[in-house]
Amino acid sequence: MAGNARYNGKNTWEEWSQDWQNEDRYNFRTIENKWQKIWEDEKAYKVDIDHNRQKFYALVEFPYPSGAGLHVGHPRSYTALDVIARKKRMQGFNVLYPMGFDAFGLPAENYAIKTGVHPAVSTKANIANFTRQLKSLGFSFDWDRCFNTCDPEYYKWTQWMFIQFWKHGLAYKDKMAINWCPSCKVGLANEEVVNGHCERCGTEVIRRDKEQWMLAITKYADRLIDDLEKVDFIDRVKTTQINWIGRSEGAELTFELTDNSGSNLGKPMVVYTTRPDTTFGVTYTVMAPEHRFVKELMNNYTNATEVQKYIEETAKKSELQRTSDTTKTGVELKGIKARNPFTGKLIPVFISDYVLTGYGTGAIMAVPAHDQRDYDFAKVFNLPIVQVLAGGDISKEAWEEDGIHINSGFMDGMDKKDAMAAAIKFAEDEGFGHSKVNFKLRDWVFSRQRYWGEPIPMVYCEHCGWQPINESELPLTLPDVPDYRPNDNGDSPLANATEWVNTTCPKCGGKARRETDVMPNWAGSSWYFLRYCDPHNDKEFASKEALNYWMNVDWYNGGMEHTTLHLLYSRFWHKFLYDCGYVPMPEPYNKRTSHGMILAADGEKMSKSRGNVINPDEIVETYGADTFRLYEMFIGPFDQVAMWSEESLNGVYRFIGKVYGLFKKVYADKDIQMCADDLRAMHKCILEVTERIDQMKFNTAVSSMMTYVNYLSEMEKIPATMYETLLRLLCPFTPHLAEEMWARLGHTSLIIAESWPVGDAKLAQEDMVTLAVQMNGKMRGTITIAKDAAKADAEAAALKLDNVARQLEGVTIKKIIVVPNRIVNIVV
RNA sequence: GCGGAUAUGGUGGAAUUGGUAGACACGCCAGAUUUAGGUUCUGGUGCUGCAGGGCGUAAGAGUUCGAGUCUCUUUAUCCGCACCA
């Protein structure tokens with residue numbers, strides 16, 4: 001017999017207590033290891049469906065298992081929700097708090113290119129390391145539900161979902177100009193381009209025509225905005241998503257293109273505008289250089305060479321060059337005109353790179369009087385500027401505010417609202433336009449020309465076009481390849497796996513080729529929270545029963561940087577599954593919060609190159625997991641950036657030592673009476689900690705406990721109830737310490753399964769209160785009187801104060817304001 | 001340029017939401033114990049005056065008996081988006 005683990009190998013509590021009674025120092029290393037082993041052996045955090053208990057699903061973003069290991073930023077989020085999960089558990093909820101790994105991604109692949117180590121091998125090692133680190137911090141994850149996205153048993157379902165997208169027409173292949181990172185040799189989604197640079201490696205992104213798989217997220221744009229009303233997301237997240245989706249209401253109007261004499265060329269140019277009411281002020285039109293009409297009408301231009309040259313120059317410009325240089329350039333398409341449908345006048349047509357091909361219709365009507373960009377362009381090309389809204393001074397700049405319409409025919413005298421309605425009605429009646437909603441959001445570029453991702457389960461057949469493989473053949477596993485390097489043609493390394501690529505068409509049985517691009521690293525994370533509900537299911541991605549019980553995620557915490565990436569993608573993905581009837585609710589997350597970043601002590605981001613990275617392993621080694629956890633909660637307001645400080649960490653370490661030291665003063669006698677002050681201190685602490693955890697004010701929750709511990713330190717002897725209450729409150733933050741001291745009090749149960757204390761507001765109340773006494777709002781002293789004393793008593797007591805009486809000499813009291821239990825203000 | 005946030009001691013930060021500004025912690029100072037030392041304990045610590053007192057929440061104005069908190073103006077820093085018609 002190895003003895004009882006809880007008693008460090010001793011068989012009885014008595015044997016064990018002989019040992020620890022001699023210990024002066026809190027031996028966190030032994031103690032933390034001991035409890036982690038016990039929790040693991042007893043599967044203390046394993047959960048199952050239990051219809052008799054209310055569920056609570058707490059979720060944190062699963063990490064990418066990088067070679068660098070856990071960053072001190074990760075535990076900020078994980079500890080916060082661990083605290084919440086543990087408290088909910090103690091409050092009787094059936095809590096699901098899972099962890100997994102988002103294991104596909106470029107770093108493993110780049111590492112493979114450098115070293116030849118297969119990404120599966122390095123990823124596996126990294127996952128093992130992450131798991132060890134996470135376990136060393138004592139998080140209450142249900143490890144039985146852990147999975148990673150590069151496991152075929154998992155990505156089988158990612159592929160299956162892709163096929164469902166395809167079947168519903170939401171996955172399509174399209175040749176288009178995409179963002180291309182020349183260093184990673186990979187296409188990027190809009191969301192992955194930061195200031196014209198690759199989000200991963202920082203290389204300037206260029207534009208490149210490529211055939212890409214796309215997911216039609218724009219079909220959900222409206223619902224992605226509207227349904228934000230149904231969920232409890234912090235405002236920052238909501239507004240960022242709304243701005244990113246960029247809904248705008250306006251109209252599409254058709255401008256006929258004509259030759260110089262005014263005969264129609266059969267090219268109705270459709271423009272998008274948010275201000276159809278200003279059409280009387282349109283003095284020219286502009287098409288994006290890539291607009292198909294520009295090429296189609298090439299023979300009509302008298303300056304075709306110049307036009308051609310401009311088109312080529314634009315194509316060469318990177319996204320960054322194109323957007324950073326705001327001086328207007330362009331070329332008039334000489335030989336053609338556009339007819340303003342409101343005035344009938346013929347106006348010039350230009351091409352310019354300030355008109356974007358991907359937004360609206362790729363063509364605009366220019367109102368230089370009321371749009372600064374059009375104004376700038378008109379100045380460069382000396383075009384007429386016609387004011388149609390009263391106000392401003394258009395000789396200096398465009399007037400972009402509202403105003404009464406002038407020079408606008410039937411709209412003269414109208415305000416914006418009436419004129420908008422009138423303009424759209426006119427366009428509809430005359431058949432050249434209609435109202436239209438547009439979005440900045442683009443469809444999701446879903447192909448990556450790389451290796452380490454989910455293979456896209458599609459094949460191309462000469463006869464049948466693109467076809468999905470049979471669902472019974474899933475998972476389509478990633479083949480081994482000898483060389484992971486992508487090539488400059490933009491082919492995936494998979495293109496060289498000839499045997500794998502050549503296959504048969506699932507429809508006609510003829511020769512076919514597999515898609516060699518893989519999915520982006522956002523694919524696996526778009527639905528992982530569903531898998532946690534039923535992670536070992538090999539028949540479905542999750543059973544109906546499990547989804548009905550566990551979904552939605554009740555509380556999801558993660559980084560702001562995912563607001564327009566993972567968070568938006570997964571909401572879209574989930575809505576699609578909902579529309580297909582595969583998930584019970586249209587939104588996956590009830591509540592979303594976000595933590596601030598942790599910066600290095602120098603206020604900079606932690607990075608290898610700066611050499612200011614704090615390694616969590618070293619902190620755990622030197623101070624212990626509890627200190628680390630508690631410090632991350634105490635470091636500052638949870639939603640704001642925080643700077644790492646080893647000195648402050650030391651303060652938390654001292655606090656833990658103090659809690660340990662108090663144990664010696666605890667009365668063995670359980671029935672000892674507490675006085676009113678004791679009860680007040682205890683209940684106040686319970687109420688504060690409870691409330692502050694719910695509000696994520698972890699830093700002040702910790703200070704409440706520090707205040708309580710300071711109170712206990714001043715006592716000669718501590719009633720057991722007071723100390724036990726402290727341990728219960730502390731348990732979510734410092735579970736090892738709480739568990740150890742709980743056991744030393746003689747308990748044989750685990751404290752993590754104990755109930756959360758309930759505070760009594762009455763007992764927490766003071767019976768005497770201190771009021772501030774002010775004269776004309778300036779502090780003159782304080783009085784202590786009974787709580788809820790009559791106003792007259794407070795007044796009388798205040799006037800008796802020496803300080804007040806002295807200063808009252810020779811002045812008359814105008815009035816006295818008494819706010820019960822707060823303040824007495826004497827106005828003179 | 002647009003959108004969002006932040007601004008309080010030497011430092012990180014509190015403030016019951018309009019009612020004693022600076023909780024809690026770090027640091028610092030003094031003392032005690034131990035000491036070769038970072039340990040531990042006690043007391044002090046916004047600024048300023050000998051003192052009654054005065055001044056203090058980025059700056060300026062306003063509302064109020066009373067403003068860190070509400071309104072307006074300005075400034076600084078951080079983050080996101082950026083020719084989206």
Side-chain angles (χ1 to χ4, degrees), chain A residues 24-25 194-196 235-240 242-244 246-248 250 271-275 278 285-286 322-328 352-356 358-367 370-374 376-377 438-442 560-561 563-564 596-597 599 603 631 634-637 639-652 654-655 657-658 661 688 691 697 699-710 713 770-783 803 806-807 814-828:
Chain A
D24 253 10
R25 254 171 347 102
V194 180
N195 285 331
D235 288 342
R236 266 198 304 162
V237 169
K238 284 191 186 183
T239 46
T240 307
I242 290 169
N243 290 341
W244 183 264
R247 183 188 154 99
S248 80
V271 303
Y272 176 71
T273 177
T274 51
R275 295 301 299 267
T278 61
T285 63
V286 190
R322 195 166 161 171
T323 54
S324 62
D325 186 6
T326 52
T327 38
K328 299 289 179 286
S352 171
D353 64 2
Y354 88 94
V355 173
L356 307 171
Y359 183 73
T361 60
I364 62 149
M365 59 179 221
V367 188
H370 305 292
D371 182 294
Q372 192 58 44
R373 295 157 304 176
D374 297 346
D376 295 343
F377 190 85
N438 255 334
F439 300 93
K440 287 188 200 172
L441 186 71
R442 312 291 162 83
M560 274 307 285
E561 71 275 16
T563 303
T564 55
M597 246 197 315
L599 302 177
Y631 173 61
F634 189 60
I635 193 168
D639 57 352
Q640 283 170 37
V641 291
M643 269 181 276
W644 189 264
S645 156
E646 188 118 2
E647 285 170 341
S648 298
L649 182 81
N650 219 355
V652 172
R654 279 202 282 256
F655 170 76
K658 219 165 169 181
E688 284 179 357
E691 190 185 309
K697 292 183 172 178
N699 55 332
T700 53
V702 176
S703 38
S704 290
M705 291 188 283
M706 286 175 166
T707 306
Y708 182 53
V709 163
N710 287 344
S713 317
T770 306
L771 304 200
V773 179
Q774 302 180 335
M775 288 178 69
N776 290 343
K778 289 217 189 300
M779 261 289 283
R780 285 294 175 265
T782 57
I783 52 174
N803 214 357
R806 183 159 12 97
Q807 300 210 15
K814 276 199 196 142
K815 61 175 167 176
I816 300 179
I817 294 161
V818 181
V819 183
N821 302 327
R822 293 222 192 273
I823 207 163
V824 179
N825 193 9
I826 302 162
V827 187
V828 297

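Convention: sequence-line order gives letters A, B, ...; per-chain numbering from 1.
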Report task. List the steps, then state whether side-chain hydrogen bond (donor to acceptor under 3.5 Å, both in side chains) holds for Ser703(A) with Tyr708(A). Result -> CA-CA 8 Å; Ser703(A) 38; Tyr708(A) 182 53; over 6 Å; no
Requested in this report: Assess whether side-chain hydrogen bond (donor to acceptor under 3.5 Å, both in side chains) is satisfied between Glu646(A) and Asn650(A), documenting all intermediate values.
Outcome: CA-CA 6 Å; Glu646(A) 188 118 2; Asn650(A) 219 355; over 6 Å; no
Query raised in the report: In B/S/- notation, 5' to 3', how is nucleotides 5-11 of chain B contacted by protein heavy atoms closer than 4.0 Å?
Result: -------
**Report entry** Base versus backbone protein contacts along nucleotides 61-66 of chain B [heavy-atom cut-off under 4.0 Å; B, S, -]
**Finding:** ----BS
Report summary line: With B for base contact, S for sugar-phosphate-only contact and - for none (protein heavy atoms under 4.0 Å), nucleotides 25-44 of chain B reads SSS------------S----
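Residues passing the side-chain contact (heavy atoms from CB on, under 4.5 Å) test with Asp639(A) are Arg236(A), Pro637(A), sequence neighbours excluded. Every residue was checked against the salt bridge (Lys or Arg N to Asp or Glu O under 4.0 Å) condition with Arg780(A), not counting sequence neighbours, and none meets it. Scanning for ring pair (Phe, Tyr, Trp, His ring centres under 6.0 Å) contacts around Phe377(A) gives Tyr284(A), Phe350(A), Tyr354(A), Phe381(A), with sequence neighbours left out. Residues forming a side-chain contact (heavy atoms from CB on, under 4.5 Å) with Ala642(A) (at least two apart in sequence, or on another chain): Arg76(A), Ile635(A). Applying the salt bridge (Lys or Arg N to Asp or Glu O under 4.0 Å) criterion to Arg247(A), with sequence neighbours excluded, gives Asp222(A), Glu249(A). Partners of Asp353(A) under the salt bridge (Lys or Arg N to Asp or Glu O under 4.0 Å) rule, at least two apart in sequence or in another chain, are Lys317(A). Applying the side-chain contact (heavy atoms from CB on, under 4.5 Å) rule to Asn243(A) yields no partners; only residues at least two apart in sequence or on another chain are considered.
Contacts of Asp374(A) with the nucleic acid, taken as non-hydrogen atoms under 4.0 Å apart, are absent. Counting non-hydrogen atoms under 4.0 angstrom, Val702(A) reaches nothing in the nucleic acid. Using a 4.0 Å heavy-atom distance criterion, Thr274(A) is classed as a sugar-phosphate-only contact. Within 4.0 Å of Ile635(A), counting heavy atoms only, lie sugar-phosphate atoms of the nucleic acid but no base atom. In this structure, Lys814(A) reaches neither bases nor backbone, as no heavy-atom distance under 4.0 Å exists between it and the strands shown.
The distance from atom NZ of Lys440(A) to atom C1' of A85(B) is 11 Å, rounded to the nearest whole Å. With rounding to whole Å, Asp353(A) atom CG is found 11 Å from C83(B) atom P. Put simply, NE2 on His370(A) is 23 Å from P on C83(B), counting in whole angstrom units. For the pair Gln372(A) CD and A85(B) C1', the computed distance is 13 Å after rounding to whole Å. Spacing between atom OH of Tyr359(A) and atom C1' of C81(B) amounts to 14 Å, rounded to whole angstrom units.
A close approach under 4.0 Å does occur between a side-chain nitrogen or oxygen of Asn699(A) and OP1 or OP2 of A14(B). Taking only side-chain nitrogens and oxygens, Tyr354(A) never comes nearer than 4.0 Å to OP1 or OP2 of A85(B). Under 4.0 angstrom from either OP1 or OP2 of A85(B) there lies at least one side-chain N or O belonging to Ser248(A).
Each of Thr700(A) and Asn243(A) was assigned the nucleotide of RNA chain B with the nearest heavy atom; the assignment lying further toward the 5' end belongs to Asn243(A).
For Trp244(A) and Phe439(A), the gap between ring centers reaches or exceeds 6.0 Å.
Looking at the side chain of Ser703(A), the nearest of the listed nucleotides U20(B), C24(B), A15(B) is C24(B). Candidate nucleotides A85(B), C81(B), U20(B) were compared by shortest atom distance to the side chain of Thr770(A), and U20(B) ranks first.
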Distances for protein N or O near nucleotides 53-55 of chain B N or O, under 3.5 Å:
unit_1	atom_1	unit_2	atom_2	d
G53(B)	OP1	Asn803(A)	OD1	2.9
G53(B)	OP1	Asn803(A)	ND2	3.3
G54(B)	OP1	Arg780(A)	NH2	3.4

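For a distance-only test at 3.5 Å, the side chain of Lys328(A) qualifies as a donor-acceptor partner of the base of C83(B).
With pairs defined as Watson-Crick or G-U wobble and both atom distances under 3.5 Å, the stems of at least three pairs that touch RNA chain B come out as B:1-7 with B:75-81, B:10-12 with B:24-26, B:27-32 with B:40-45, B:46-48 with B:53-55, B:58-62 with B:70-74.
Separating the P atom of G13(B) from that of U17(B) is a span of 23 Å, rounded to the nearest Å.
Within the 3.5 Å criterion, the main-chain N or O of Lys440(A) finds a donor-acceptor partner in the side chain of Arg442(A).
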